Amino acid sequence: MLIRVIKFTLLLSLIGYSEIGMAQTTTLSMEGRREIDAAHCWEFQSVAYTSTSSEVISGNQSARTAPINANFHSIKSPWIINPNGAIQFKHRLSGKEQAAKIKLYVIVYDYTNNQYDTNYSYSSYTAANATQIVTGSFNIKRVGIYKIIFSFTGIPSSTRGILDEISLPGAYYSNPSNACLPQNLSTDTDGDGIMDKHDEYPNDPALAFNNYLNGHNYTTLMFEDLWPGKGDYDFNDLVLDYQVNCLSNAKGQITRAEISIVLRAIGASYKNGFAFQLDKIEPSKVLSVTGQKLSTGLFQLDGNGTESGQTFAVIPVFDDALKTIGFSGAGTGVNIERNGSSIAYDTSTIVVEFSLNNTGITLNDFTLASFNPFIVINQKRGRELHKLNYAPTNLMNQSLFGSEYDNSNISTGTYYKSKNNLPWVIETFSSSPYMLEKKDITSGYSKLIDWVLSSGGSYSDWYINSGASYRNSSALY
Amino acid sequence: MKPLFHFIILLCLVACIACQPEPPSAPTGTTQRPTSFDNISASNTFDWSTSREVILHFSGFNANFVDQKTVLILSDPNQNTLYKGAHPSGEEINLHIQVPTSLEFINMEYGITKRKLSIGDGTIVSSLLPSLPIVP
């Protein structure tokens with residue numbers, strides 16, 4: 001009968017640790033990986049599992065402490081609720097050294113009242129009986145939330161404590177998904193399966209998480225708009241920051257993207273537009289786009305706000321930077337000279353709603369690498385300028401590739417690169433100062449050249465480090 | 001006889017010196033560091049990117065009683081969240097995220113599991129299980 005009970009307990013423990021059917025017990029068999037038991041809220045302090053046959057109490061493994069000393073060597077259970085019945089376990093020692101000085105305590109911890117009660121202690125180990133298996137059991141009847149702690153202690157020796165077949169008379173009440181806190185602390189207001197603690201939209205079942213692809217930072221883009229001609233390399237013809245937040249639901253589907261674009265400077269007289277292509281997402285997956293600032297007719301839109309005639313979703317943001325930032329005066333720039341025109345930055349917030357048809361869009365479809373921003377130079381739709389090696393859209397005038405200083409090679413997927421492998425767009429992964437008008441970018445960022453010559457191996461913080469050896473602030477706006 | 005002897009000695013010396021390996025030639029000049037952006041000649045393979053893609057694989061673990069999902073959080077050392085999503089513990093998780101090239105570590109959190117993951121060459125293989133200290 002005893003064997004049948006043990007087998008039943010082992011079976012329950014294999015099934016799991018939660019509220020287990022009618023038995024309402026929480027068990028630990030030590031037959032699997034200790035890490036898995038830890039993931040399910042059992043805590044081990046100086047305790048591992050042993051499969052040494054002379055030590056194992058039952059099955060293939062038992063819990064075994066480090067050599068015992070005055071410290072606690074313990075197993076702490078997950079939270080259990082309303083324990084009522086017998087706490088059962090088996091124990092022994094690995095050897096006889098100092099056996100008479102070793103004790104096993106079983107302590108009940110009361111969550112509500114923050115109290116520890118030693119309900120059981122065993123100090124009858126002797127040199128003669130140390131390795132014999134002892135069955136421990138005592139009854140408990142309480143209302144509330146508890147943990148049970150099994151702890152060996154003694155004076156230093158080579159002897160270890162062995163434990164096995166722990167059975168607790170209460171339903172499992174920890175929440176592994178919430179740092180193993182009691183389940184009643186795991187509120188999920190909108191019922192989407194994500195606890196309020198982690199749910200950034202706890203009242204909206206359609207949304208759960210913000211995913212800032214730039215890691216909460218803004219990324220700076222700096223353009224030279226004379227492409228394919230040679231620029232003056234101050235990289236301030238258009239300067240903007242952007243941040244991409246993909247909002248996902250509990251299933252990991254992106255339901256909405258919020259792209260914030262801050263137009264900072266215009267060092268050109270060209271009327272440049274700005275857009276981005278989502279390189280892995282078809283236009284049909286976009287339900288709607290809001291927040292665009294379009295007035296010149298540069299971009300032709302479909303009903304969902306994406307540009308017509310594109311294989312992948314192209315989302316125009318503004319079609320004339322000068323108009324967008326509110327500059328109507330003379331001169332050739334905004335926010336590029338200390339004593340020149342100064343206008344407050346303009347922020348556009350583009351909101352893209354996505355369809356959830358089929359599997360929807362995941363964060364593996366919408367990555368920062370597949371976010372492909374570009375400008376359209378001076379209202380000529382076919383004259384796109386992208387980051388180095390980013391592909392143009394369907395509406396690019398491909399005859400421009402290879403002209404003047406451009407050395408693109410469509411067949412090899414090489415785009416927007418000069419014969420010296422120089423780009424016309426520089427991107428920094430955090431918001432960065434840009435150059436004053438006509439100041440070569442290398443005069444502001446002292447380590448940029450070293451970064452390039454090392455092919456990125458050195459000075460990868462060339463744009464982050466604001467130290468005097470990295471930045472010359474007199475050349476920066 | 002003596003001059004002939006001297007001549008042979010001289011010949012041997014010349015032969016010995018002539019057979020010595022040549023010392024490495026001294027540099028004839030140093031490469032000029034570019035003084036402006038226009039003068040830079042970048043490697044053909046250099047992509048000018050200040051960020052890079054990191055591919056992450058997390059192996060799950062079998063916990064057939066836990067049917068609810070646990071939130072996986074990836075963050076940088078400044079606690080900026082790089083990824084947040086809910087996954088059951090038995091799921092194999094494959095993710096692509098973009099991080100600054102200067103970033104060396106990512107922190108991960110999944111339930112009680114917390115790890116500091118080295119980005120290394122850009123591929124991270126890890127587990128959703130907690131790391132437990134080795135017990136002597």
Side-chain angles (χ1 to χ4, degrees), chain A residues 15-18 33-36 38-41 44 46-48 65-67 176-177 179-180 193-194 198 208-217 230 233 248 250 252 363-364 367-369 388-389 420-423 426-430 440-442 448-449 452-453 455-456 460-461 463-464, chain B residues 33-53 61-66 68-71 73 75-76 78-87 89 94-103 109-113 127-136:
Chain A
I15 292 169
Y17 307 95
S18 64
R33 290 182 64 186
R34 185 172 55 121
E35 288 83 358
I36 292 179
H40 295 110
C41 308
F44 302 93
S46 300
V47 172
T65 70
S177 302
C180 290
I194 308 297
H198 290 301
F209 305 117
N210 293 315
N211 286 279
Y212 290 93
L213 302 190
N214 330 51
H216 282 280
N217 295 316
K230 189 175 172 182
Y233 298 120
S248 55
L363 282 166
N364 283 342
T367 62
L368 203 57
L388 187 137
N389 284 346
N420 283 352
N421 302 312
L422 303 181
I426 285 188
E427 182 180 76
T428 61
F429 201 70
S430 62
D440 188 288
I441 192 168
T442 59
L448 173 61
I449 290 175
V452 176
L453 294 180
S455 292
S460 59
D461 60 345
Y463 61 98
I464 303 168
Chain B
R33 189 177 188 276
T35 54
S36 67
F37 192 83
D38 191 26
N39 290 334
I40 299 173
S41 186
S43 163
N44 190 36
T45 56
F46 181 51
D47 66 2
W48 289 82
S49 181
T50 54
S51 65
R52 61 170 165 163
E53 191 172 58
F61 57 93
N62 187 19
N64 46 10
F65 80 97
V66 180
Q68 69 187 120
K69 293 178 176 180
T70 300
V71 175
I73 301 170
S75 59
D76 69 15
N78 296 321
Q79 301 304 314
N80 292 318
T81 302
L82 303 168
Y83 171 82
K84 208 169 178 186
H87 301 269
S89 62
N94 295 297
L95 295 171
H96 298 238
I97 61 170
Q98 201 80 6
V99 301
T101 49
S102 54
L103 195 67
E109 185 180 335
Y110 183 84
I112 64 160
T113 304
S127 164
L128 297 176
L129 281 172
S131 296
L132 299 180
I134 294 171
V135 178

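Remember, predicted model here, so these are calculated numbers, not experimental data. Residue numbering restarts at 1 for every chain, and letters A, B, ... go by the order of the sequence lines. In what follows, every heavy atom counts, from backbone to side chain, and hydrogens, waters and symmetry copies are set aside.
- Contact tally against chain A (heavy-atom pairs below 4.5 Å) for B/Leu95, B/Leu132, B/Leu128: the top residue is B/Leu132.
- Scored by the side chain to side chain contact (heavy atoms under 4.5 Å, CB included) test, B/Asn44 finds A/Lys417, A/Asn421 as partners (sequence neighbours excluded).
- Between chain A and the residues B/Ile112, B/Asp76, B/Ile134, the largest count of heavy-atom pairs under 4.5 Å involves B/Ile112.
- Of all heavy-atom pairs between A/Asn364 and B/His96, the closest is OD1-N, 3.2 Å.
- Closest of all the heavy-atom pairs between A/Glu35 and B/Pro130 is CG-O, 3.3 Å.
- Every residue two or more places apart in sequence or in another chain was checked for a salt bridge (charged side-chain N to carboxylate O under 4.0 Å, His left out) with B/Asp47, and none qualifies.
- Only the side chain of B/Leu129 comes within contact range of chain A, judged by heavy atoms closer than 4.5 Å.
- Considering only heavy-atom pairs separated by less than 4.5 Å from chain B, the leading option among A/Ala208, A/Ser248, A/Ala250 is A/Ala250.
- Looking at A/Ser455, the atoms closer than 4.5 Å to chain B (heavy atoms on both sides) sit in the backbone and in the side chain alike.
- When the candidates B/Ser49, B/Ser127, B/Ser36 are compared by the number of heavy-atom contacts under 4.5 Å with chain A, B/Ser36 comes out ahead.
- The two residues A/Phe209 and B/Gly85 make their nearest non-hydrogen contact at CE1-CA, 3.6 Å.
- Taking B/Ala86, B/Pro100, B/Gly111, B/Pro133 one by one and counting their heavy-atom pairs under 4.5 Å with chain A, the maximum is reached by B/Pro100.
- Heavy-atom distances place both the backbone and the side chain of A/Leu422 under 4.5 Å from chain B.
- Among A/Ala38, A/Cys180, A/Cys41, A/Ala179, the residue with the largest count of heavy-atom pairs under 4.5 Å with chain B is A/Ala38.
- The aromatic rings of B/Tyr110 and B/Phe61 stand perpendicular to each other, their planes meeting at an angle above 60°, with 30° marking the opposite boundary.
- Using a 4.5 Å cut-off between heavy atoms, A/Asn211 contacts chain B through its side chain alone, with no backbone atom that close.
- By number of non-hydrogen pairs under 4.5 angstrom with chain A, the leading residue of B/Leu82, B/Thr81, B/Asn39, B/Asn78 is B/Thr81.
- Interface remark: of the candidates B/Thr101, B/Val71, B/Thr35, B/Val71 forms the most heavy-atom pairs closer than 4.5 Å to chain A.
- Residue contact with chain B, scored on non-hydrogen atoms closer than 4.5 Å, involves the backbone and the side chain of A/Ala39 alike.
- Heavy atoms only, all atoms of each residue included: B/Arg52 and B/Leu103 are closest at NH2-O, 3.6 Å.
- With a 4.5 angstrom heavy-atom cutoff, B/Ser41 touches chain A via backbone and side-chain atoms both.
- Residues A/Tyr233 and A/Pro423 share a closest heavy-atom pair of CE2-O, 4.4 Å.
- In terms of heavy atoms, A/Ser177 sits closest to A/His198 at O-NE2, 4.1 Å.
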